[in-house]
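Just so it is clear: chains get the letters A, B, ... in the order the sequence lines come, proteins before strands, and each one is counted from 1. All figures in this text were calculated on a predicted structure; none of them were measured in a lab.
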There are 2 protein chains.
Amino acid sequence: MPNEARPSSGEQAKQLALTRLRQAIMHGEMAPAQRLVENELAERFGVTRASIRAALIELEAQGLVERIRNRGSRVRVVSVEEAVAITECRMALEGLCAAKAAVAVSDEQLAELTGLGTAMQKAVADGEPVTYSELNHALHARIREFSGQRTAVELLERLNAQLVRHRFQLALRPGRPQQSLKEHLAMIEAIRARDPQAAEAAVRAHLTSVIDALRD
Amino acid sequence: MPNEARPSSGEQAKQLALTRLRQAIMHGEMAPAQRLVENELAERFGVTRASIRAALIELEAQGLVERIRNRGSRVRVVSVEEAVAITECRMALEGLCAAKAAVAVSDEQLAELTGLGTAMQKAVADGEPVTYSELNHALHARIREFSGQRTAVELLERLNAQLVRHRFQLALRPGRPQQSLKEHLAMIEAIRARDPQAAEAAVRAHLTSVIDALRD
DNA sequence: GCCAACAGAATCGTTGACAATCTTGCTTCG
DNA sequence: CGAAGCAAGATTGTCAACGATTCTGTTGGC
């Protein structure tokens, strides 16, 4: 499970609706462009419309849902061009994070990155694209985290949430993990060398490759 | 209330509450960390609490308001460190926009940028920091716009909204406009030369200087 | 046969009231 | 005199009902 969002017991109605709706969208349980009728969701989740409404407003602000006045909400679909534009933003922000992380990273954190790297190699060797995709996600998340750039991390998480569908399709493409693996290992290597410029360059190279792949 | 920017007549209650609250915060009518009691706001704006609540949820997602469960909302205060972190993100994203703009810009748009540049020179010469600050804001906004990067523009507008207070304080500091002017003219020059790398470098140099100034 | 007006259904927006929670100030006991 | 406990007040969270808007399918006229 790449993301947090555990509906802990003492949760409030709105929070529960928010986390469950978010998970449903991110796990692909809701088809893209599917209508999200407030009454249905309220009944499904056992909360009132007000809570669903609050959750939808928040999801709209996060770019996961599209709302039109008096017409309703639907799961937002991101076109390929939009996915490219989002990835370009990721390139700028993750580049920043990688550079910062290369300077700030601790030895234990370096060990964790190295471990992720070998796990990714194993996943590719074993031909397990789903595992690889999860490790991929985890690696990016860890690097962001290690940078200590709270603002950038927040923005990146918003952006990534919008890409779930595309990310998945990408990981399942034959040959893609092999290509991607090399770039990821280069990122790890640059951070291990504590070289901020090299780390930023490696991340940018990787995401440039992602953009090319997105465009088919 | 000197609030223009009409919440156009046919506007819905929630939209009205949102625009007015947003303006009030951005114009500094609400002291930082001021409590935002839903009932008070509802009465002040002549709408119901539900509309205020919806507006507050949206403003929280935009980073302008802080909400704590069962405790209420307040205007979010951004510390200096946070302002620096935000500006670092701006550096990454505006750098991207400037590079794209340098390639995509049209001749009329170039003329507009040049015009802004001369207006800024005049404002500095006449010693009008407020006018300069507005032109500054306009220049950055135009460059973003000309890049055509919708996603990046959206993120940047969110980030900028959080900086209003700091931006103001910066513009009024003696000597700052003179320093800033040179950097802005360099940005314009690089875009006129349609040189993406130079444009990105100029923006980054400018925002690095802003960070130094923020830190005092 | 085609288009415009119209009624009905579906859905969202708004309202006022009630419940849950937190804060604050007072009281009481050690 | 100080601290724990309690009660009142303030504020947010939740709810169910009402009103407004948009969509859809049908009917009537041309």
Side-chain angles (χ1 to χ4, degrees), chain A residues 4-25 29-77, chain B residues 6-25 29-77:
Chain A
E4 76 311 327
R6 69 230 166 270
S8 75
S9 55
E11 205 125 12
Q12 232 39 245
K14 176 212 149 189
Q15 276 308 318
L16 184 139
L18 182 64
T19 37
R20 293 209 37 195
L21 234 181
R22 194 186 161 95
Q23 283 219 337
I25 294 177
E29 292 168 32
M30 312 289 212
Q34 172 168 346
R35 288 196 65 187
L36 299 173
V37 179
E38 297 180 357
N39 267 326
E40 287 177 15
L41 297 175
E43 191 175 0
R44 160 119 76 112
F45 295 150
V47 300
T48 54
R49 258 186 67 211
S51 308
I52 294 289
R53 227 155 190 309
L56 285 174
I57 291 175
E58 203 159 329
L59 288 174
E60 181 190 26
Q62 290 179 16
L64 286 179
V65 160
E66 194 178 20
R67 277 163 41 93
I68 311 179
R69 265 197 19 134
N70 286 317
R71 291 242 242 141
S73 315
R74 49 185 61 213
V75 179
R76 197 169 87 89
V77 282
Chain B
R6 293 312 308 153
S8 67
S9 54
E11 205 122 16
Q12 231 42 247
K14 179 214 148 186
Q15 274 309 318
L16 184 138
L18 182 64
T19 37
R20 293 210 40 194
L21 233 180
R22 194 188 164 94
Q23 284 220 335
I25 295 176
E29 293 169 32
M30 311 290 213
Q34 174 168 345
R35 286 197 66 188
L36 299 174
V37 178
E38 297 180 356
N39 269 326
E40 288 177 15
L41 296 174
E43 191 175 2
R44 160 120 76 111
F45 296 149
V47 300
T48 53
R49 252 186 71 211
S51 308
I52 294 288
R53 267 170 93 63
L56 285 174
I57 291 175
E58 204 158 329
L59 287 174
E60 182 191 25
Q62 290 179 16
L64 287 178
V65 161
E66 196 177 18
R67 276 160 44 91
I68 310 178
R69 266 193 28 140
N70 287 319
R71 292 245 237 140
S73 316
R74 46 186 61 211
V75 179
R76 199 169 86 89
V77 283

Exercise. dC15(D), dG13(D), dG13(C): which one has an atom nearest the side-chain heavy atoms of Arg69(B)?
Worked result: dG13(D)
Problem set entry | Nearest-angstrom distance from the residue atom CG of Leu16(A) to P of dT14(D) | 10 Å
Problem set entry | Interatomic distance where CD belongs to Glu38(A) and P belongs to dA16(D) [whole Å] | 15 Å
Exercise. Of the non-hydrogen atoms in Ser73(B) and Leu56(B), which two are nearest, and what is the gap between them?
Worked result: OG-CD1, 3.6 Å
Problem set entry | Any Arg71(B) side-chain nitrogen or oxygen under 4.0 Å from OP1 or OP2 of dT23(C) | yes
Problem set entry | Given dT11(C), dT15(C), dT12(D), the nucleotide with the shortest approach to the side chain of Ala50(B) | dT15(C)
Problem set entry | Straight-line distance of Gln62(A) CD to Leu18(A) CG, nearest 0.5 Å | 6.5 Å
Exercise. Choosing from dC15(D), dT12(D), dT15(C), which nucleotide comes nearest the side chain of Asn39(B)?
Worked result: dT12(D)
Exercise. In whole Å, what is the span from the CZ atom of Arg53(A) to the P atom of dT15(C)?
Worked result: 12 Å
For this session: Look at the side chain of Arg49(B) against the base of dG13(D) and say whether a donor-acceptor pair falls under 3.5 Å; ignore hydrogens and angles.
Result: yes
Problem set entry | Toward the 5' end of DNA chain D, by each residue's nearest nucleotide, Glu40(B) or Asn70(A) | Glu40(B)
Exercise. So which heavy atom on Ala42(B) is nearest to which on Arg49(B), and how close?
Worked result: CB-N, 4.0 Å
For this session: Identify which nucleotide among dT11(D), dG13(C), dT14(C) has an atom closest to any side-chain atom of Ala13(B), counting heavy atoms from C-beta outward.
Result: dT14(C)
Problem set entry | Distance test, side-chain N/O of Thr48(B) to OP1/OP2 of dT14(C), below 4.0 Å | no
Problem set entry | Closest to the Lys14(B) side chain, choosing from dC15(D), dC12(C), dT14(C) | dT14(C)
For this session: Verify, without hydrogens or angle tests, whether Arg76(A) (side chain) and Gly63(A) (backbone) share a donor-acceptor contact under 3.5 angstrom.
Result: yes
Seminar exercise, completed: Between CD of Gln15(A) and P of dT12(D) the distance, given in whole Å, is 17 Å
For this session: May I ask you to say what Leu36(B) touches in the nucleic acid, namely base, sugar-phosphate or nothing, with a heavy-atom cut-off under 4.0 Å?
Result: sugar-phosphate
For this session: Quick one: pull up CZ in Arg35(A) and CD in Glu40(A) and give me the separation to the nearest 0.5 Å.
Result: 8.5 Å
Seminar exercise, completed: Separation of dT23(C) atom P from Arg74(B) atom CZ, nearest Å, is 11 Å
For this session: Please state how far atom CD1 in Ile52(B) lies from atom P in dT15(C), giving the value in whole angstrom units.
Result: 11 Å
Seminar exercise, completed: To the nearest angstrom, the CD1-P distance between Ile68(B) and dA20(C) comes to 22 Å
Exercise. Expressed in angstrom and rounded to an integer, what is the separation of Leu56(A) atom CG from dT11(C) atom C1'?
Worked result: 13 Å
